[in-house]
Amino acid sequence: ATPTALMVGSGIGAEKGVLIRRGEAIQTMKDVKVIAFDKTGTLTKGKPAVTDVGVTGDLTEEQLLSYAASVESASEHPLAHAVVEAIKEKGVEVREEVQDFTSHTGKGVSGTVEGHRVLVGSRRLMEDHQINAGELAARMEELEEQGKTVVIVAVGDKPAGIIAIADTIKDEAHAAVAELKTLGLEVAMITGDNKRTATAIGKQLGIDHVIAEVLPDGKVAEVKRLQEQHGTVAMVGDGINDAPALKQANVGIAIGTGTDIAIEAADLTLIRGDLAGLITAIKLSRGTFRKIK
Ligand code: ADP
Ligand code: MG
């Protein structure tokens, strides 16, 4: 491509909500076969809130939230913020500060609260400690089928309850996915969330490939797999843990409202996180490089 064409392209892109950090990316964009999205903060707004609480009967809902919030107050995860926010809203007192706080990346958190070991996280985290959802398993599945993320809370190594947390899908996400498919691309979602929740959200958006329960360092391998199966891949993400996958993709696209680490790893940035910018980028690429040929 001529430098002039790239410059023209860049100018139009910025106007329409796409910031081009690496010029070649806009050229590669026309060859993209699959566009893979991170879920939280990329397809969804990234501001999850607690919607449901279930208890086994040993604790009240408020006691359960209080134990969970003690541990989550030491975590930076969006799910943790949702739990802490829920307890503030209820005006419930958070228990004493957590001791021995541990973050189990992509699985959850643990710590000691008032002498009890408290675990908050996915089934996988519980399995690591030989705990299961017990009598709450059916309710948990039901909530996941609604697209909610459900975390299990174990107190003293026994399941004590579940907390369902829901995030809102971005307003423009449905239209963006539909238009990408009209443009002939396949759409994938790569998430650490569980399969049932991810499938429910994928169905709502019409996503072709739902890849769930991926540990943070597994996203690169999933992008590689898509490249082997389909060819040129673009990846869209916002998180620190998305950065290596953005680099692995043929085109890495960051959410402008996301982390600096993701933005630095990416070739393109969607200003304000607006997914409509993806359509602009593809049309720009196809238009610009068709003209040059
Ligand atoms: P995502 O890809 O949606 O950003 P993560 O990889 O960060 O997801 O987390 C995967 C799963 O691990 C979550 O769906 C949740 O079940 C669990 N998890 C991670 N961090 C926490 C936390 N702070 N509290 C509770 N659960 C957590
Ligand atoms: Mg994310």
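Just follow the structure's listing: the first ligand is 1, and inside any ligand the first atom is 1.
When all heavy atoms of Met235 and Asp38 are compared, the closest pair comes out as CE-N, 3.9 Å. Closest of all the heavy-atom pairs between Ile263 and Arg21 is O-NE, 3.3 Å.
Residues lining ligand 1 at a heavy-atom distance below 4.0 Å are given as Thr40, Glu72, Ser75, His77, Leu79, Gly106, Lys107, Gly108, Val109, Val120, Gly121, Ser122, Thr149, Val151, Thr191, Gly192, Asp193, ordered by chain and residue number.
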> Should Ile152 and Val120 be marked as a side-chain contact (heavy atoms from CB on, under 4.5 Å) after you check the CA-CA gap, both sets of side-chain angles, and the distance that decides it?
Replying inline: CA-CA 6 Å; Ile152 303 170; Val120 189; over 6 Å; no
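In this structure, Ser75 contributes its side chain and Val71 its backbone to no donor-acceptor pair below 3.5 Å.
Here the Mg ion (ligand 2) has protein N, O or S atoms under 2.8 Å from it, and they come to 3.
Glu228 and Arg225 are not joined by a salt bridge, as no carboxylate oxygen comes within less than 4.0 angstrom of a charged side-chain nitrogen. Using a 4.0 Å cut-off between charged nitrogen and carboxylate oxygen, Lys195 and Glu213 do not count as a salt-bridge pair. Of the charged side-chain nitrogens involved, none lies within less than 4.0 Å of a carboxylate oxygen, so that Arg117 and Asp100 do not count as a salt-bridged pair.
Considering only heavy atoms from C-beta on, Val251 comes within 4.5 Å of Leu268 through its side chain. Residues Asp267 and Ile20 fail the side-chain proximity criterion, which asks for heavy atoms closer than 4.5 Å.
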